[in-house]
Amino acid sequence: PSLLQDFCVADKVSQVRVNGLPCKAANEVVAEDFFFSGLHMAGNTANKQGSAVTAVNVAQISGLNTMGISLVRIDYAPNGLNPPHTHPRSTEILTVLEGCLHVGFVTSNPENRHFTKVLAKGDVFVFPKGLVHYQFNNGNTHAVAIAALSSQNPGVITVANAVFGSEPAISDDVITKAFQVEKNTVDWIQAQFFISIVS
């Protein structure tokens with residue numbers, strides 16, 4: 001939809017919540033409301049996944065409020081993974097800046113068709129809104145990508161975290177039946193997420 005005004009810089013102090021954030025008074029808006037610095041710095045990939053996402057959304061740039069766009073920088077260590085996840089409110093378009101990435105997404109039921117591609121520096125790939133997707137650096141050098149998202153706040157649901165790391169936990173009966181595995185397997189996987197949350 002079209003904007004009703006030139007901009008609606010987020011008033012992060014207000015307790016009112018709407019589709020987006022309420023607008024700051026126009027006479028209080030400053031250039032810094034449209035500015036972010038830091039995408040030149042690599043994210044810390046010293047974690048279990050070997051990846052780091054630096055987000056630039058309405059939480060970082062108040063001027064993105066109601067604009068329907070945001071950005072992320074993703075850093076990948078060798079064998080680093082941005083694990084299967086979805087953005088419930090956004091399509092994503094990713095460009096590889098350094099290295100090489102194996103990327104893919106899966107369509108909805110019942111087909112669950114897997115689209116996958118190996119991307120080199122300068123290549124671009126689109127992940128449709130709401131579909132599960134991932135990126136994996138199967139090379140032996142660092143990789144970097146920039147992705148634009150079609151929402152000021154795209155949200156992210158990491159599949160493994162949602163299923164095995166939810167609080168309170170999803171019932172073992174549900175997970176064992178859904179994944180067709182034994183309870184001890186579910187308990188072991190859930191324990192890995194509890195360890196990550198504690199540490």
Side-chain angles (χ1 to χ4, degrees), residues 1-45 47 49 51-76 80-99 101 103-108 115 117 119-137 143-159 161-162:
S2 296
L3 293 174
L4 300 176
Q5 60 276 328
D6 288 342
F7 53 77
C8 173
V9 172
D11 179 357
K12 295 180 181 175
V13 178
S14 174
Q15 297 301 308
V16 177
R17 293 293 178 254
V18 291
N19 186 12
L21 298 166
C23 303
K24 182 190 280 191
N27 62 347
E28 296 176 11
V29 173
V30 294
E32 285 74 19
D33 291 325
F34 302 93
F35 174 78
F36 174 84
S37 180
L39 285 187
H40 62 289
M41 296 184 300
N44 182 0
T45 59
N47 55 59
Q49 301 298 336
S51 68
V53 176
T54 304
V56 184
N57 58 42
V58 71
Q60 289 76 35
I61 301 179
S62 299
L64 285 175
N65 194 40
T66 74
M67 295 294 173
I69 193 166
S70 59
L71 185 74
V72 295
R73 172 187 169 134
I74 313 164
D75 290 276
Y76 311 83
L81 172 70
N82 189 6
H85 64 281
T86 180
H87 303 292
R89 297 179 291 276
S90 177
T91 295
E92 176 180 340
I93 184 167
L94 178 133
T95 304
V96 177
L97 299 181
E98 294 177 26
L101 294 174
V103 304
F105 69 86
V106 179
T107 63
S108 56
F115 289 87
K117 188 87 175 152
L119 306 180
K121 182 177 180 177
D123 289 346
V124 177
F125 199 79
V126 174
F127 304 105
K129 180 178 181 177
L131 296 185
V132 173
H133 60 282
Y134 62 89
Q135 303 100 39
F136 178 60
N137 177 8
V144 179
I146 292 283
L149 299 116
S150 63
S151 171
Q152 69 183 31
N153 184 13
V156 64
I157 301 168
T158 304
V159 176
N161 295 14

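When reading the values below, keep in mind they use all heavy atoms of this one structure, side chains included, and skip hydrogens, waters and symmetry mates. Keep in mind that what you see is a predicted model, and the values were worked out from it rather than measured.
- Side chain of Arg89 to main chain of Asn153: a donor-acceptor pair is present (N/O by atom type, distance under 3.5 Å, no hydrogens or angles).
- Judged purely by atom type and a 3.5 angstrom limit, Thr45 has no side-chain atom pairing as donor or acceptor with the backbone of Ala52.
- The two residues Tyr134 and Phe105 come nearest to each other via the heavy atoms CE2-N, 4.4 Å.
- In this structure a side-chain-to-backbone donor-acceptor pair under 3.5 Å is present from Ser150 to Thr91.
- Contact record, Leu21 with Cys8: O-SG, 3.9 Å, taken as the closest heavy-atom pair.
- Between Glu98 and Lys121 the shortest side-chain heavy-atom distance does not fall below 4.5 Å.
- What you find for Gly130 and Thr86 is that their closest heavy atoms are O-OG1, 2.7 Å.
- The minimum heavy-atom distance linking Ser51 with Leu81 is given by the pair OG-O, 2.8 Å.
- Summarising the geometry, atom NZ belonging to Lys129 is positioned 8.0 Å from atom OG belonging to Ser151; distances are rounded to the nearest 0.5 Å.
- Expressed to the nearest 0.5 Å, how far CD1 of Ile146 lies from CG of Leu94 amounts to 9.0 Å.
- In this structure the side chain of Ile93 reaches within 4.5 angstrom of the side chain of Val124, judged on heavy atoms.
- Listed for the Gln152 side chain is a donor-acceptor partner under 3.5 Å among the backbone atoms of Thr66.
- Every residue two or more places apart in sequence or in another chain that forms a side-chain contact (heavy atoms from CB on, under 4.5 Å) with Asn137 is listed here: Tyr76, Leu101, Ala143.
- Between Gln49 and Asn47, the shortest heavy-atom contact is N-OD1, 3.0 Å.
- Annotation: side chain of Val29 is in contact with side chain of Phe34 (closest heavy-atom distance under 4.5 Å).
- To the nearest 0.5 Å, the span separating CD on Glu92 from OG on Ser70 amounts to 9.0 Å.
- A 4.5 Å side-chain heavy-atom check between Arg73 and Val144 finds at least one atom pair inside the cut-off.
- The closest donor-acceptor contact from the side chain of His87 to the backbone of Gly155 lies under 3.5 Å.
- Annotation: the span from Gln135 atom CD to Phe127 atom CZ amounts to 4.5 Å, rounded to 0.5 Å.
- With Phe36 as the fixed residue, the side chain to side chain contact (heavy atoms under 4.5 Å, CB included) test singles out one of Asn57, Val56, Leu64, Leu71: Val56.
- Here the closest heavy-atom approach between residue Ala10 and residue Val58 is recorded as CB-CG2, 4.2 Å.
- Contact of the Phe115 side chain with the Thr107 side chain is registered, since non-hydrogen atoms from C-beta on lie closer than 4.5 Å.
- Applying the salt bridge (charged side-chain N to carboxylate O under 4.0 Å, His left out) test to every pair with at least one member in residues 23-34, sequence neighbours left out, gives these pairs: Lys24-Asp33.
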